[in-house]
Q: 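Got a structure for you, questions after.
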Amino acid sequence: MLTAATIAILVVMLLAIIRCIAGPSLYDRILAFNMFGTKTVLLISVLGFLMGRPEFLDIALVYALINFISVIGVLRFSDSAEFNHQRPEAASIKKDKR
Amino acid sequence: MIAIAIVRTKDLLAVVMLTGIYGLLSASFFVVLDAVDVAFTEASVGAGISGLLMLAAITMTGRTEAPKRHKPLLALLVVLITGGMLIYGTLDMPYFGSFDAPVHQHVAPRYINDSMQEVGVPNIVTSVLASYRAFDTLGEVAVIFTAGIGVLSLLALPQRRKPYLVDESGKEQMYKQHIVLRVISKALIPIILLFALYVQFHGDFGPGGGFQAGVIFAAAIILYAMLFGLDNAKRVFSLSLFQLLAAIGLLLYASVGVVSLFNGGNFLDYNVLADDPIAGQHLGILLIELGVGCTVASVMIIIFFNFAGRREAQQNGEER
Amino acid sequence: MLAHLPILQVIVPLMAAPLCWFLDRSKLVWLFALLVCGFSCLTSIALLQQVMSSGTIIYQLGGWDAPWGIEYRIDELNALLLLIISTIGTIVLFAAQTSLQKELPKERHTLFYSLYLLSLTGMFGIVATGDVFNVFVFLEISSLSGYALIALGKDRRALWAAYQYLIMGTIGATFILIGIGLLYQMTGTLNMDDLANRLAEVNQTRTVFAAFAFLIVGVCLKLALFPLHLWLPNAYAYAPSIVTAFLAATATKVAVYLLIRFTYTVFGIELSFSILPLQNLFIVLGLVGIFAASTAAIYKTNVKHIFAYSSIAQVGYMIIGYAINTSTGLMATLLHLFNHALMKSALFLALGAVMYRIGSVQLSQFQGLGRQMPLTMAAIVIGGLSLIGVPLTVGFISKWYLLLATIEAGMWPVAVLVLLGSLLAVLYIWRIVETAYFKPPLPGREPVKEAPWTFLAPIWILVLANIYFGIDTRLSVQVAQAASQSLFGINP
Amino acid sequence: MNLILEIASGLCLLLGSFLCLSGGIGILRFPDFYTRMHAVGVTDTLGAGMILIGLMLQNPQGIVLLKLMMILLFTLLINPAASHALAKAALRNNLHPVLDESTNEGRNKPSKP
Amino acid sequence: MVLGLYNYWIVVLLMMIGFYIVIAHGNLIKKLVGLTIFQTSVFIFYISMGNVDSGSAPILAEGVSRYSNPLPHVLILTAIVVGIATTALGLALAVRIKEAYGSIEEDEIQIQDQLTEDNSKC
């Protein structure tokens with residue numbers, strides 16, 4: 001059962017990677033990245049059980065946190081990058097709304 | 001694995017995200033190969049911190065890469081030679097995973113068999129890291145410290161004048177959009193900090209230790225800084241405090257060594273720290289892990305704050 | 001406490017670096033750093049004496065036996081290197097305070113001194129250790145601080161130079177890491193002495209050859225051996241003058257040390273020279289390096305560039321001496337290490353003095369300086385003569401031994417080429433002398449004063465050492481001889 | 001008792017795997033960002049939750065259970081928040097959902113990949 | 001026999017990719033990314049070296065008799081730290097270069113440098 005879960009997760013990870021590489025917009029990529037992170041967390045926890053040493057869940061925990069932080073990071077920084085460097089027109093629209 | 005590495009396209013932001021994935025992937029690879037401590041570190045560093053730093057740098061340097069103008073034939077040649085050399089070298093290697101390889105026969109068995117008696121810590125990686133090869137780790141802390149100073153000397157801004165009043169309102173607007181995130185993070189940050197402490201002190205028994213704990217700690221504070229603004233973060237955790245902490249961490253580590261010198265042992269010989277060698281080892285490992293954690297966390301924070309501070313200064317400069 | 005000298009050598013500057021942050025005032029930090037350097041200088045002298053009288057010192061860190069723990073192993077070679085580095089470090093630092101005032105904003109001074117001390121630590125660590133992985137760690141300390149120090153230069157090209165250096169240096173370090181990994185794979189140990197013993201069994205395998213190749217290429221990247229030298233000239237030219245003087249005199253020396261250590265001690269002479277065609281390769285590379293770099297130096301207009309290229313050429317001499325693979329040849333290399341450190345630090349410090357006064361080191365700016373800064377220019381001239389290898393200077397001694405070694409080994413063409421290479425040095429030195437002494441001062445420039453004494457004192461200490469060791473060769477030759485003989489396993 | 005636990009955990013794992021897989025296919029096959037987000041939502045919460053619960057049933061004791069609960073809590077807290085922020089950011093940057101293929105073709109220009 | 005080494009070959013391939021990015025690409029950040037990949041592949045190489053068939057993670061536990069080699073893990077922990085330090089410093093340099101030159105492409109910087117060089121000559 002655990003093996004089946006592992007394989008399923010691995011396949012999903014692969015799909016997520018494809019989306020991350022192909023993803024037409026930036027946000028698709030972030031989405032895929034986020035999903036990939038969650039799947040890694042799952043993979044690690046399942047693997048821990050598979051290898052019979054479930055105390056390694058610490059790593060999974062760290063992954064979950066790090067994943068969250070990096071998604072937030074990407075969002076925050078991509079925001080400012082979009083606004084201030086790449087797309088002046090978007091920035092001006094924003095100002096008008098204010 | 002390979003597929004990702006190859007497809008690194010021109011958009012640097014995507015590249016950075018792919019790097020993050022690459023980090024996660026190689027970390028899971030490390031787990032498969034039984035290297036839990038390494039996986040721990042690689043996850044927090046490869047996927048977390050280095051990605052964040054790269055992002056921070058990219059926002060300052062622009063996102064797109066210019067197309068190449070010259071044909072990199074020479075580079076290809078060099079790379080092929082190197083790769084060929086390595087393949088050539090691998091031919092005589094012992095097979096992957098075989099138990100008879102010299103690697104597993106010469107030095108390592110003592111670590112595995114005797115470290116419990118000699119050091120008294122179940123996590124062999126910790127005992128090797130912090131006791132047998134403690135000096136390497138001291139060097140590692142010094143490297144991190146050097147990087148901190150280096151970044152500081154490159155990016156530090158002259159004394160901050162009064163905060164820019166004009167931007168405050170704009171910033172507020174920006175942060176309001178993240179209200180959900182802010183609430184969630186407020187709940188999460190204490191847990192993360194607690195978890196970092198757990199990792200710090202649990203390193204003797206499970207994967208973890210000073211370095212990983214330091215990175216997690218730093219990540220929590222970076223999260224705070226990202227969501228609540230750098231100025232707020234600086235108000236809570238001042239930069240000079242971290243400078244102090246970084247220095248103290250390194251000093252703590254080194255002075256453990258010096259104390260053992262004065263107690264009549266060699267440098268970093270923990271046996272002489274207490275009456276009982278095992279107790280001495282425990283004390284020594286605890287102290288130096290603390291030193292490592294201190295330095296790593298504060299240097300990471302220093303580096304990030306400097307990047308982010310630089311960025312804000314740039315943006316303010318541009319808007320005027 | 002005497003038994004702990006090896007570790008004190010490394011640990012004192014390491015601990016001093018963070019302490020710098022607690023001292024606020026620039027001058028205070030300088031004094032403190034100077035004190036620390038002076039202390040490590042004394043330590044290294046004491047170490048050298050100990051080694052010369054009682055043989056190799058072994059110090060086990062953490063109290064663990066050698067292949068399990070890390071050990072420090074100091075023999076004549078290490079002790080000599082430690083002495084060179086600490087002495088040069090101290091003398092150069094003496095001038096730092098004055099020079100930095102002009103070249104660095106005030107708030108960066110403390111950081112500068114911390115970085116300087118860390119760089120020193122890294123080099124001591126590389127030289128003193130007997131563990132290959134420890135070498136890598138300390139190599140990174142010294143190079144990271146090196147990048148940061150170079151990037152402190154005023155010119156924006158300093159940044160670019162530092163970046164290039166970072167990329168090249170990291171590739172080099174990673175190569176070394178690969179090499180160490182391959183070695184570890186074949187032997188299961190990281191201790192140099194242990195490695196040497198265990199490599200004997202497996203030294204015919206391809207893995208060991210690959211490891212050898214990676215280590216050598218990695219070290220040569222750091223060494224700036226001819227085809228891999230591209231990072232060096234700019235890095236030296238745009239770094240702050242003090243940094244240039246310090247790095248030029250020490251960084252490449254440490255790399256040469258690593259090369260010697262790896263080939264002679266770890267891999268053993270037999271593997272390094274008789275099985276692989278290393279000897280011819282290195283001699284050719286060394287010669288090409290001498291000629292290409294000297295020719296490039298002739299056409300440069302920035303004096304720092306000139307001397308940087310000359311450094312590459314000098315590395316060529318060292319490599320030739322090393323590749324001859326005789327005791328005399330190695331001795332010549334070691335002598336040249338010592339001597340080159342003396343002359344290059346003197347030269348770059350003198351350039352620092354010029355920089356301090358006129359704010360530029362373009363050759364055209366040197367016009368008339370011979371009269372206006374007589375002492376500084378005299379130092380440059382003597383240093384230059386030493387580079388050429390005129391009798392009564394140190395340069396002569398090492399060239400002399402190098403020639404002896406080539407002739408001993410029956411390599412006449414090499415000897416002739418080495419001499420010709422020295423002639424090229426005459427050309428570029430002459431250009432500086434000509435501009436400084438025989439051209440009128442630049443019109444419209446305020447007459448320049450002589451450099452302040454904080455510059456002159458260290459410069460002239462180095463210059464006098466240049467001459468002293470050129471006349472009285474007993475000390476340096478004795479040590480170099482002992483070191484090279486111990487590497488070849490000959491008991492004196 | 002043990003057998004029941006075993007079966008339950010197996011079922012949970014299988015269900016979780018299935019949900020993950022369907023979500024994975026979804027993220028590839030769905031036409032635009034917002035629908036993909038739905039797919040991700042399914043895998044991230046329900047799929048992950050199911051797998052984690054399955055694991056919990058495998059070893060229901062002590063610190064392991066605690067850690068698994070923590071992970072579950074984190075995923076449940078973090079993922080919706082992240083998706084929310086993501087959707088908001090995407091909308092702000094003029095990435096509109098595809099409502100009808102034929103009429104809205106021009107509007108779904110990716111905002112500069 | 002070849003199969004026994006497959007792991008190393010994957011590593012070598014990764015290494016080559018990373019190294020290629022470092023040498024061939026002109027963008028400074030990209031170079032650093034390449035450097036990270038290069039280093040990570042070396043890490044994987046070390047770790048796979050320390051792996052033992054049917055071994056377990058080197059944390060002493062009851063009922064486990066065969067552990068992987070802990071030494072490479074320790075070395076790589078150190079090396080990862082060194083790697084992040086280098087990356088951070090390199091990024092800082094890249095940022096400063098961007099400020100000073102207005103570009104992070106290798107060619108453009110070299111052209112600009114050439115110009116300054118020429119100016120100072122005249």
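A, B, ... follow the sequence lines: proteins, then strands. Residue 1 opens every chain.
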Q: Check whether any side-chain heavy atom of B:Phe217 lies under 4.5 Å from a side-chain heavy atom of B:Val199, and answer yes or no.
A: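 No, their side chains stay 4.5 Å or more apart.
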
Q: Would you say the side chain of B:Thr41 lies within less than 4.5 Å of the side chain of B:Val215, judging by non-hydrogen atoms?
A: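 No, every pair of side-chain atoms sits at 4.5 Å or beyond.
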
Q: Taking the side chain as every heavy atom from C-beta outward, state whether B:Leu193 and B:Ile189 have any atom pair closer than 4.5 Å.
A: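 B:Leu193 reaches B:Ile189 side chain to side chain.
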
Q: Which heavy atom of B:Val296 sits nearest a heavy atom of B:Phe211, and at what distance?
A: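 Distance-wise, the nearest heavy atoms are CG2-CD1, 3.3 Å.
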
Q: Which residues in residues 14-25 of chain D have a heavy atom less than 4.5 Å from any heavy atom of chain B?
A: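 Heavy-atom contacts from residues 14-25 of chain D to chain B are absent.
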
Q: Of all the heavy-atom pairs spanning B:Glu289 and B:Gln200, show the shortest one and how long it is.
A: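 Minimum heavy-atom contact is O-NE2, 3.0 Å.
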
Q: Quick one: does D:Leu13's side chain get under 4.5 Å of D:Leu57's, heavy atoms only?
A: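 In short, these two side chains do not touch, never coming nearer than 4.5 Å.
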
